[in-house]
There are 2 protein chains.
Amino acid sequence: MVPGVGDVFRALADPTRRAILDELQERSGQTLFELVSRLVMRHGLTSSRQAVSQHLDVLEAAGLVRTRREGRYKFHDLDTAPLRAITDRWRIDPQEDPCASP
Amino acid sequence: MVPGVGDVFRALADPTRRAILDELQERSGQTLFELVSRLVMRHGLTSSRQAVSQHLDVLEAAGLVRTRREGRYKFHDLDTAPLRAITDRWRIDPQEDPCASP
DNA sequence: ACCATAGGCAAGCAACTGCTTGCATGACAA
DNA sequence: TTGTCATGCAAGCAGTTGCTTGCCTATGGT
């Protein structure tokens, strides 16, 4: 069940989901409740547990979040690999080439 | 009226809009009718003129498409600059560093 | 056993999206 | 002007989305 390309773009379309990715990038391996409280504290969002859970389902289906279970905890990790589909599709000219030789 | 970050992500969420970006990347400066016919021919899409026009509005609002008028024609050009918001936000590790010094 | 905690499932609802339909505008040609 | 071509505008409609509500499962602590 490899995620389709469209799933990645659709997953990024929601601001709450983007905030979740931001949060997971800053602190990897958060649980659902941890994410909910940190989204409220640091991003000013007021999303319920179920809402965040559904967002995480979408992100996981898109391959942007990987999960691992330990006991009754489920940890979430960011995976930026699917984002390559974007940069590879429409060639983004580098803003600055660090190894330019003039 | 600089486009917000969310506009870029939302604009990319639709498969028809992504096909439009593909088409504009391949052939720059297309008109509305040109885009419609080429979307049908090369991408198997059956979008009406009005549908494509509305998609172009969304893409232009996101800053991904720039337009220029000449007489009764309106030409559309791709602008990939807003896509940097994605790669800059979640640091994508380079798949290969061309100037690595081991 | 009992209870609290972490998470899952599913139906219902309001809001949004993409598309169609129909008409209007503006530019060029005969 | 009259007609045609390229595009613009706006209302309405069906499908989707994000969220809530309510209940359920499972793990760990006491």
Side-chain angles (χ1 to χ4, degrees), chain A residues 1 3-24 27-40 43-62 64-77, chain B residues 1 3-4 6-21 23-24 27-40 43-62 64-77:
Chain A
M1 53 156 240
V5 194
D7 297 334
V8 181
F9 293 99
R10 205 177 58 77
L12 293 173
D14 186 86
T16 303
R17 284 196 285 268
R18 294 195 295 271
I20 290 176
L21 295 183
D22 290 339
E23 193 50 55
L24 284 181
R27 169 185 272 242
S28 194
Q30 296 192 49
T31 68
L32 175 57
F33 276 89
E34 209 174 341
L35 273 169
V36 171
S37 62
R38 284 179 65 107
L39 283 174
V40 174
H43 298 263
L45 300 183
T46 58
S47 299
S48 69
R49 174 186 68 88
Q50 292 85 345
V52 176
S53 177
Q54 288 169 359
H55 282 310
L56 285 172
D57 289 342
V58 176
L59 290 170
E60 190 175 5
L64 289 164
V65 163
R66 302 213 169 269
T67 63
R68 52 197 156 88
R69 260 220 116 104
E70 287 181 22
R72 58 175 164 176
Y73 298 104
K74 187 179 182 183
F75 302 103
H76 302 79
D77 298 282
Chain B
M1 51 161 245
D7 297 333
V8 181
F9 292 100
R10 204 175 58 78
L12 294 174
D14 185 85
T16 302
R17 284 197 286 269
R18 295 195 295 272
I20 290 176
L21 296 182
E23 193 50 54
L24 284 180
R27 170 186 271 244
S28 194
Q30 296 191 50
T31 68
L32 176 56
F33 275 91
E34 211 173 340
L35 273 168
V36 171
S37 61
R38 285 179 65 106
L39 283 174
V40 174
H43 298 263
L45 300 183
T46 59
S47 298
S48 70
R49 174 187 67 87
Q50 291 85 343
V52 175
S53 176
Q54 287 168 359
H55 282 309
L56 285 172
D57 289 341
V58 176
L59 289 171
E60 189 175 4
L64 289 165
V65 164
R66 302 214 168 268
T67 64
R68 52 197 155 88
R69 261 218 116 103
E70 287 180 23
R72 58 174 163 174
Y73 299 103
K74 188 178 182 184
F75 301 102
H76 301 80
D77 298 282

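Atom set for the values below is all heavy atoms of this structure, side chains included, hydrogens, waters and symmetry mates excluded. Note on naming: letters A, B, ... go to the chains in the order of the sequence lines (proteins, then strands), and numbering restarts at 1 for each one. If you're wondering where the values come from, they're calculated on a predicted model, not measured in any experiment.
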Are Arg69(A) and Lys74(A) side-chain neighbours, meaning at least one heavy-atom pair lies under 4.5 Å? yes

Return the value, rounded to whole Å, for the distance between atom CD of Gln50(B) and atom P of dA24(C). 15 Å

Within the structure shown, what part of the strands sits under 4.0 Å from Ser47(A) by heavy-atom distance: base, sugar-phosphate, or nothing? nothing

Does any non-hydrogen side-chain atom of Val65(A) lie less than 4.5 Å from one of Leu21(A)? yes

Rounded to whole angstroms, how far apart are CG on Leu56(A) and P on dG7(C)? 10 Å

Test side-chain contact (heavy atoms from CB on, under 4.5 Å) on Leu12(A) and Leu12(B); report intermediate values, then the result. CA-CA 9 Å; Leu12(A) 293 173; Leu12(B) 294 174; over 6 Å; no

Can you measure Phe9(B) atom CZ to dT17(C) atom P for me and round it to whole angstrom units? 16 Å

Taking only N and O in the side chain of Arg17(B), is any of them less than 4.0 Å away from OP1 or OP2 of dG18(C)? yes

Return the 5'-most residue of the pair Val58(A), Glu70(A) with respect to DNA chain D, ranking by each residue's nearest nucleotide. Val58(A)

What is the distance, rounded to the nearest whole Å, between atom CD of Gln54(B) and atom C1' of dG22(C)? 13 Å

Qualifying residues under side-chain contact (heavy atoms from CB on, under 4.5 Å), relative to Arg68(A), sequence neighbours excluded: Glu70(A), Phe75(A), Asp77(A)

Could you state the atom-to-atom distance from CD1 of Ile20(B) to P of dG18(C) in whole Å? 11 Å

Rounded to the nearest angstrom, tell me the gap between atom CZ in Arg68(A) and atom C1' in dG7(C). 16 Å

Between atom CZ in Arg49(A) and atom C1' in dA4(C), what is the gap in whole Å? 14 Å

Distance in Å, His43(B) NE2 paired with Arg18(B) CZ, rounded so as to fall on 0.5 Å steps: 12.5 Å

Of Asp14(A) and Tyr73(B), the one whose closest nucleotide on DNA chain D sits nearer the 5' end is Tyr73(B)

Phe33(A) CZ - dG8(C) C1' separation (whole Å): 11 Å

Just how far is it from atom CZ of Arg17(A) to atom CG of Asp57(A), taken to the nearest 0.5 Å? 10.5 Å

Taking any atom closer than 4.0 angstrom to a non-hydrogen atom of chain A, what span of DNA chain D does the protein reach, first nucleotide to last? dT17(D) to dG28(D)

Looking at the side chain of Arg72(A), which of dG7(C), dA6(C), dC19(C) is the nearest nucleotide? dA6(C)

Taking the side chain as every heavy atom from C-beta outward, state whether Leu35(B) and Leu56(B) have any atom pair closer than 4.5 Å. yes

His55(B) side-chain N/O to dT17(C) phosphate OP1/OP2 under 4.0 Å: no

